[in-house]
*Asks:* 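What follows is a single structure, and I will ask about it in a moment.
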Amino acid sequence: MLAIVGTAGVGKTSLAVRWAHRAQDAFPDGQLFVNLRGYDPGAPVTAHDALGRFLRALGTPVDRVPATEDACSDLFRTLLAGRRMLLLLDNAATVAQIRPLLPGAPQCLAMITSRTRMSSLVAREGAHRVSVETLSSIEAVQLLRTVLAGYRSGDDEAELAELARLCAHLPLALRIVAERAAARPRMPLRDLITDLRDESGLWEALTVDDGQSAEEADAVRTVFGWSYRALNPASARLFRLLGLHPGPDFGVGAVAALAQLTPSRARLQLDTLAGAHLLDECGHDRYQFHDLLRAYALDQAQTELSTAELASARRRVLGWYTHTAAAAARAGAGAYTLPVDLAPLPEGVVSQEFDDARAAIAWYETERENLIAAVHTAHTTEEFEIAWQIPAVLTMVVADREPAGTWLAAQETALDAARRAGDRYGEAITLDNLGIAHRHLFRLPEATECFQAALDAFQELGQPVGATRAANGLGVTHMLGRRVDQARACFEQALTLARDADDPTYVGAFTRNVGWALLENEDFPRAEATLHEAADILQRAGEPLELAEALTLLAAVYRRSDRIAEANATAEQALALATESDGTLFEALALLELGRIALAGDEAPDALSHLHQAATLFRRVGRSDLQAATWDATGDALLRTDRAAEAASFHQAAADARRWLPAAESR
């Protein structure tokens with residue numbers, strides 16, 4: 001374990017990243033990186049959040065990411081056993097923030113950067129500490145000459161040394177100063193030095209972090225202020241407004257909204273700030289601050305802008321995120337999102353639109369952290385409507401793609417916001433969202449409570465579509481708890497409400513779910529009739545994926561009624577529909593059923609082929625419950641081919657996976 005420590009702006013991260021790049025051959029199983037943002041003006045990354053990212057990067061299905069920090073840490077260490085990996089934990093504020101992230105495997109290396117000395121990590125964990133000091137005068141001058149090469153020549157050595165001294169020999173400050181000097185090749189260095197000296201008396205010092213001397217803090221403040229004041233008015237305005245952005249990095253679209261600019265103008269000004277080393281470019285059309293610079297930008301915004309201007313800027317960027325999230329959900333999540341009446345965007349703000357689902361989901365995955373941060377920012381600034389609307393419009397995007405814990409805190413914040421705003425509809429939607437999250441975490445009592453509260457609220461408001469969804473969610477929760485009769489009652493209630501709302505998609509889907517409950521109760525004749533009815537409705541409604549699931553359940557009815565040929569033909573039809581519509585989960589469900597049908601027909605080799613494909617797809621979409629069911633069926637197929645040892649290993653894997661689940665048998 002290696003702890004790289006030193007003052008802010010001294011180059012700890014650059015040193016760590018450079019070393020990690022050069023040492024990649026020593027870690028053949030890869031490297032994991034997380035910026036813990038321990039000194040960022042916003043909320044730091046928690047150990048639980050970081051572990052979730054690491055587990056997903058290591059191939060853990062989204063619904064197998066544990067809900068608690070301790071369980072995540074245990075699983076993480078298990079996955080690292082036997083691997084040689086490098087973990088770079090950047091910008092850690094405390095030992096407590098990183099201790100759950102430390103690998104137990106001796107062949108893995110954890111490299112931590114921090115402004116604190118990490119003394120307890122050294123004493124208790126045996127970490128080797130490397131203190132990064134500020135550059136010597138000679139080294140600082142050499143850095144200046146390297147940046148200035150090709151732009152200036154003939155600068156006096158003593159003046160370069162004085163310039164370096166005014167920067168406290170800190171690489172961050174040196175690069176900002178050097179960039180400005182390079183941009184003004186005809187300006188004598190002594191004039192730049194005079195400007196820097198004059199600047200030192202103009203601004204109050206920024207908050208000094210532990211470990212940063214007064215001299216270093218003064219240098220940072222001076223260089224930032226000097227560079228900021230040299231910007232043209234438009235770029236200076238953008239710089240301070242960026243301090244208000246809710247998340248850690250930002251794209252051109254969000255920046256254009258924040259500053260009421262066109263995207264092309266925003267990009268031009270961002271490039272100006274990046275060229276002055278006041279921003280870092282961290283991807284195509286994406287930028288981020290060094291945490292010291294973000295704090296400085298926020299300080300300038302709060303100093304120079306009125307309360308009304310601050311509120312207006314925040315409202316613009318939060319509105320942009322809300323409307324763009326809604327557009328992403330429309331393109332990427334289908335028809336199941338409940339309608340949300342969004343406030344019009346402020347004048348001059350244009351949300352992003354998406355041509356297809358892939359682009360919409362890619363945007364969401366890029367902006368996930370910012371969207372979550374936007375919920376908390378909106379709540380803090382009493383923009384309560386926006387705080388509950390962002391998770392509301394993203395309901396199905398989140399439900400289909402994220403470990404339930406990812407948005408849980410934001411959804412709880414959204415619930416408080418809806419209640420503070422006195423918005424009963426927002427409260428109902430958010431309760432429904434929380435029901436989904438708790439159900440995915442297999443916290444069935446909490447899910448039941450949330451769905452019931454959502455159902456009561458929607459009925460109170462006369463919102464049949466919302467009530468339909470909540471009743472169905474309650475039914476699925478009962479199914480997971482093997483309370484089939486209660487589940488069927490909820491599905492029938494949802495179906496009645498859907499018919500009242502004249503929504504054919506919901507009518508078809510919930511008719512199918514009634515058929516599912518009848519199937520689980522082994523009432524095969526009624527299940528068959530109900531699923532045929534659901535399939536007809538869904539076909540007329542033009543819902544191929546919902547139809548594919550209905551046909552898969554119908555195939556299960558045929559199989560369990562010993563009508564193998566009909567079962568096989570129906571499951572093949574379901575598979576074709578799912579494949580044509582790019583429905584990975586529905587394709588996997590059909591393949592699982594085809595495997596079970598092949599087993600029922602004593603065709604074990606065919607069963608193994610179908611089941612292998614199904615398990616791969618279930619893993620891809622993060623359905624460990626269904627993957628466990630597939631492993632069980634695989635064990636049965638292997639046993640029939642006299643491969644008892646392999647069969648036992650698959651049955652054991654299924655049993656291990658089910659330890660995360662309730663006693664329910666997933667279809």
*Asks:* Ignoring hydrogens and angles, tell me if any N or O in the side chain of T570 forms a donor-acceptor pair with the backbone of A567 under 3.5 Å.
*Replies:* no
*Asks:* How about T552 and F586: do any of their side-chain heavy atoms sit closer than 4.5 Å?
*Replies:* no
*Asks:* Would you check if the side chain of D90 reaches a backbone N or O of V34 as a donor-acceptor pair within less than 3.5 Å?
*Replies:* no
*Asks:* Does the distance from a Lys or Arg side-chain N to an Asp or Glu carboxylate O, for E369 and R53, drop under 4.0 Å?
*Replies:* yes
*Asks:* Do the non-hydrogen side-chain atoms of V465 and F458 ever get within less than 4.5 Å of each other?
*Replies:* no
*Asks:* If you look at every heavy atom in F27 and Q107, which pair is closest and at what distance?
*Replies:* CE2-O, 4.4 Å
*Asks:* Can a donor-acceptor pair be found, under 3.5 Å and without considering hydrogens, that links the side chain of T579 to the backbone of A576?
*Replies:* no
*Asks:* Can you check whether L86 reaches C108 side chain to side chain, under 4.5 Å on heavy atoms?
*Replies:* no
*Asks:* Give a yes or no answer on whether the side chain of T60 reaches the backbone of R56 with a donor-acceptor pair at less than 3.5 Å.
*Replies:* no
*Asks:* What's the separation between atom CD in E593 and atom NE2 in H610, rounded to the nearest 0.5 Å?
*Replies:* 11.0 Å
*Asks:* Mind checking whether C450 and D432 have side chains closer than 4.5 Å, heavy atoms only?
*Replies:* no
*Asks:* What residues, two or more places apart in sequence or in another chain, satisfy side-chain contact (heavy atoms from CB on, under 4.5 Å) together with Q452?
*Replies:* L455, D456, L474
*Asks:* Establish, from distance only, whether the side-chain atoms of R526 and T530 form a donor-acceptor pair under 3.5 Å.
*Replies:* no
*Asks:* When you check the gap from the basic side-chain N to the acidic O, do E367 and R286 get nearer than 4.0 Å?
*Replies:* yes
*Asks:* So does E69 pair up with R99, basic N to acidic O under 4.0 Å?
*Replies:* no
*Asks:* Taking D606's backbone N and O only, do any of them form a donor-acceptor pair with S609's side chain (distance below 3.5 Å, no angle check)?
*Replies:* no
*Asks:* Rounded to the nearest 0.5 Å, how far does CD1 of I564 lie from OH of Y558?
*Replies:* 12.5 Å
*Asks:* For D503, check side-chain contact (heavy atoms from CB on, under 4.5 Å) against everything at least two apart and list the hits.
*Replies:* T505, Y506
*Asks:* Does E543 form a salt bridge (charged side-chain N to carboxylate O under 4.0 Å, His left out) with R512? I'd like the steps, not just the answer.
*Replies:* CA-CA 13 Å; E543 292 286 346; R512 178 200 61 213; over 6 Å; no
*Asks:* With distance as the sole criterion, is a donor-acceptor pair present between the side chains of T46 and D49 under 3.5 Å?
*Replies:* yes
*Asks:* Within a reach of under 6.0 Å around CG of D356, are more than 12 heavy atoms found that belong to other residues, nucleotides or ligands?
*Replies:* yes
*Asks:* Mark yes or no for whether Q97, through its side chain, and L36, through its backbone, hold a donor-acceptor pair below 3.5 Å.
*Replies:* yes
*Asks:* L608 pairs by side-chain contact (heavy atoms from CB on, under 4.5 Å) with which of R640, R643, E603?
*Replies:* R643
*Asks:* Check whether any side-chain N or O of N35 sits under 3.5 Å from a backbone N or O of R37 as a donor-acceptor pair, and report yes or no.
*Replies:* yes
*Asks:* Could E449 and R443 be called an ion pair, given the rule that one side-chain N must be under 4.0 Å from one carboxylate O?
*Replies:* no
*Asks:* Report yes if the side chains of F76 and L79 come closer than 4.5 Å at any heavy-atom pair, otherwise no.
*Replies:* no
*Asks:* According to side-chain contact (heavy atoms from CB on, under 4.5 Å), who are the partners of A487, at least two apart in sequence or on a separate chain?
*Replies:* H478, M479, F491
*Asks:* Roughly how far apart are L545 CG and T584 OG1, rounded to 0.5 Å?
*Replies:* 9.5 Å
*Asks:* Using only atom types and a distance under 3.5 Å, with no angle test, would you say the side chain of Q389 pairs donor to acceptor with the backbone of T322?
*Replies:* no
